[in-house]
Amino acid sequence: MTKKIYLDYAATTPVDPRVIKAMLPYLSKKFGNTMSLHSFGQEAKEALEESREVIADLMKAKPNEIIFTSSATESNNLALKGIAFANRDRGRHIIISPIEHPCIIESAKWLETQGFEITKLKVDKYGLIDPDDIKKAIKKDTILVSIMHANNEIGTIEPIEEIGRICRERGVYFHTDAAQSFGKIPIDVNKMNIDLMTVSSHKMYGPKGAAALFIREGTKIEPLIHGGGHESGLRSSTVNVAAIVGLAEACKICKKEMGKEGRCLTRLSNKLIKGVLGKISGSHLNGHPKKRLPNNANFWFKGVEGESIVIQLDLLGIAASTGSACSSEKLEPSHVLLAIGLKPEQAHGSLRLSLGRWTTEKEINYVLKVLPEVIKKLRKISPFKESFKF
Ligand SMILES: Cc1ncc(COP(=O)(O)O)c(C=O)c1O
């Protein structure tokens, strides 16, 4: 294979050419500031409000419930800290899962230094939260539960609807980080009882620098960024119209193609999973076999290091990852893999292959051809080769 194979769509996606086309006018002629009164400003404002409608539509929300931000990290920070500070007279207890993205975990840690109490629940071997644990953990002073929709490393999809129902019955705000799932699987914020939800453009074939936070009407929340009062006073700063138009176009495409694309990706990732587990002894699937994102495959291989696999695959033209894009530069084992019960040495032997819109069967066949060779070669040179047999 001479063409490079990109299997790291969970880290970021290329921008869909249709998205680029929709954005271009807003990078050139339609460059206005949405706060300006003249026609340039009004043209930009119109595009912003149309985009808000499109994004709201994909999650069955109202347009006035969408706040644009620069990233999922920012949306998650706003959700946690904004709810915490606006509701601290009601209580100071927040519940999260141990497999959240670092931007939730670190925000929660910081909130602890500000006098909030954080409960980190446990997950099972697949990374699933037991809704009963949420019931048990909610106290009188609980103000927020934040559980991600789908995990970025292992792809496990959480029982969000049930968790939302429990929170709603107890009058506790429910936030979900849907950075990995929005645009890939259907989401209805009303049916799923979601009060706040994070979505990200660059995980769904839109540009970087645009994201959104759904905030249910009537939710008490404080801004983190103060200034000119943009985005209903919740996120001041001149709006990145071109990127937001791109996010909206990405949503339109996902709405039209999600079903077909999801079925295709499920077929390809199932083929990949079945092939890897069948061809490579000492290989294991991380995450739930069924309740997983259509594009995610995550494995651990006995006796090899994930980083070495990624380097060897890169030499063969395949871009993969050991875990999340943020943690793959660190040498500590992934907190997600440790939370699902892997030992540090097992977590170190992990590989994430995340498929996307342009993944082909031919590419999957190529991976299935070369990966067993890579693992065999790495095991041969492993200093621990005497301690395991294959
Ligand atoms: C589930 C999840 N949440 C949040 C983020 C943070 O996104 P960003 O780095 O674009 O702010 C990511 C990125 O990998 C993610 O996968």
Side-chain angles (χ1 to χ4, degrees), residues 6-15 19 55 59 67-82 96-110 123 127-129 146-158 160 163 174-185 187 194 196-214 224-225 235 237 240 243-244 246-247 250 286-287 291-298 319-330 334-337 339-340 350 352-356:
Y6 187 73
L7 289 177
D8 202 12
Y9 283 86
T12 193
T13 55
V15 182
V19 169
I55 292 150
M59 60 175 86
I67 295 298
F68 290 113
T69 67
S70 66
S71 65
T73 296
E74 189 192 329
S75 291
N76 282 343
N77 270 265
L78 175 57
L80 257 72
K81 296 173 188 173
I96 65 169
S97 89
I99 60 167
E100 297 298 314
H101 188 273
C103 58
I104 292 281
I105 293 187
E106 293 303 317
S107 294
K109 249 191 217 165
W110 181 80
V123 286
L128 283 170
I129 286 277
S146 180
I147 306 290
M148 70 201 319
H149 187 198
N151 184 266
N152 45 306
E153 293 188 37
I154 56 176
T156 297
I157 300 170
E158 299 294 342
I160 288 305
I163 295 170
F174 174 48
H175 166 251
T176 190
D177 175 357
Q180 290 289 341
S181 57
F182 187 58
K184 295 194 188 90
I185 51 177
I187 298 183
I194 296 165
L196 301 109
M197 183 170 82
T198 295
V199 305
S200 166
S201 161
H202 79 94
K203 308 284 190 190
M204 52 185 296
Y205 312 96
K208 293 168 184 64
L213 181 66
F214 156 75
L224 303 185
I225 298 173
R235 206 276 180 179
S237 178
N240 187 351
I244 289 166
L247 166 57
N286 293 322
K291 293 174 190 169
R292 63 187 308 124
L293 285 173
N295 70 325
N296 176 289
N298 190 318
S321 158
T322 53
S324 74
C326 308
S327 63
S328 53
E329 276 192 6
K330 296 185 198 160
S334 140
H335 69 286
V336 174
L337 298 178
I340 62 170
S350 287
R352 179 184 71 184
L353 298 168
S354 46
L355 289 58

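Remember, it's 1-based here, ligands and their atoms both numbered in the order they're listed. This one's a predicted model, so the numbers in the text were calculated from it and none came from an experiment. All values below come from the heavy atoms of this structure, side chains included, with hydrogens, waters and symmetry mates left out.
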Handout entry: Residue portion contacting ligand 1 (non-hydrogen atoms closer than 4.0 Å) for D177
Key =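 The side chain, only.
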
Practice task
Please work out whether any backbone atom (N, CA, C, O) or any side-chain heavy atom from C-beta onward of A179 is under 4.0 Å from ligand 1, and answer side chain, backbone, both or neither.
Solution key: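 Side chain only.
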
Practice task
Mark up the atoms of ligand 1 that fall under 4.0 Å of a heavy atom belonging to M148, in ascending order.
Solution key: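 Per the distance check, 1 (C).
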
Practice task
Give the atoms of ligand 1, by number and element, whose distance to some non-hydrogen atom of S71 is under 4.0 Å.
Solution key: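 Heavy-atom distances to S71 below 4.0 Å select 11 (O).
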
Practice task
Please check if any side-chain donor atom of N295 sits under 3.5 Å from a side-chain acceptor atom of S354, or the reverse.
Solution key: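 Not at all, the side chains of N295 and S354 share no donor-acceptor pair under 3.5 Å.
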
Problem - Any side-chain donor near an acceptor of the partner, S71 and E74, under 3.5 Å - result: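 Checked: S71/E74 side chains show no N/O donor-acceptor pair below 3.5 Å.
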
Practice task
Kindly indicate whether the side chain of H175, heavy atoms from C-beta on, has any atom under 4.5 Å from the side chain of L213.
Solution key: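 In short, these two side chains touch, coming nearer than 4.5 Å.
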
Problem - Heteroatom distance test (S200, ligand 1): nitrogen or oxygen, under 3.5 angstrom - result: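 No.
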
Practice task
Looking only at distances, please establish whether an N/O atom of ligand 1 is found under 3.5 Å from an N/O atom of E74.
Solution key: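 There is no such contact.
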
Practice task
Go through the structure and list residues passing ring pair (Phe, Tyr, Trp, His ring centres under 6.0 Å) with F68, not counting sequence neighbours.
Solution key: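 Listed in chain order: nothing, the list is empty.
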
Handout entry: Nearest candidate to atom 15 (C) of ligand 1, where distance is taken over non-hydrogen atoms, out of K208, H149, H101, E153
Key =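 The nearest heavy atom belongs to H101.
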
Handout entry: For K291, all residues meeting salt bridge (Lys or Arg N to Asp or Glu O under 4.0 Å), sequence neighbours excluded
Key =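 Per chain and number, K291 pairs via salt bridge (Lys or Arg N to Asp or Glu O under 4.0 Å) with no residue.
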
Handout entry: Test item: T176 side-chain N/O and I147 main-chain N/O as donor-acceptor pair under 3.5 Å
Key =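 Yes.
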
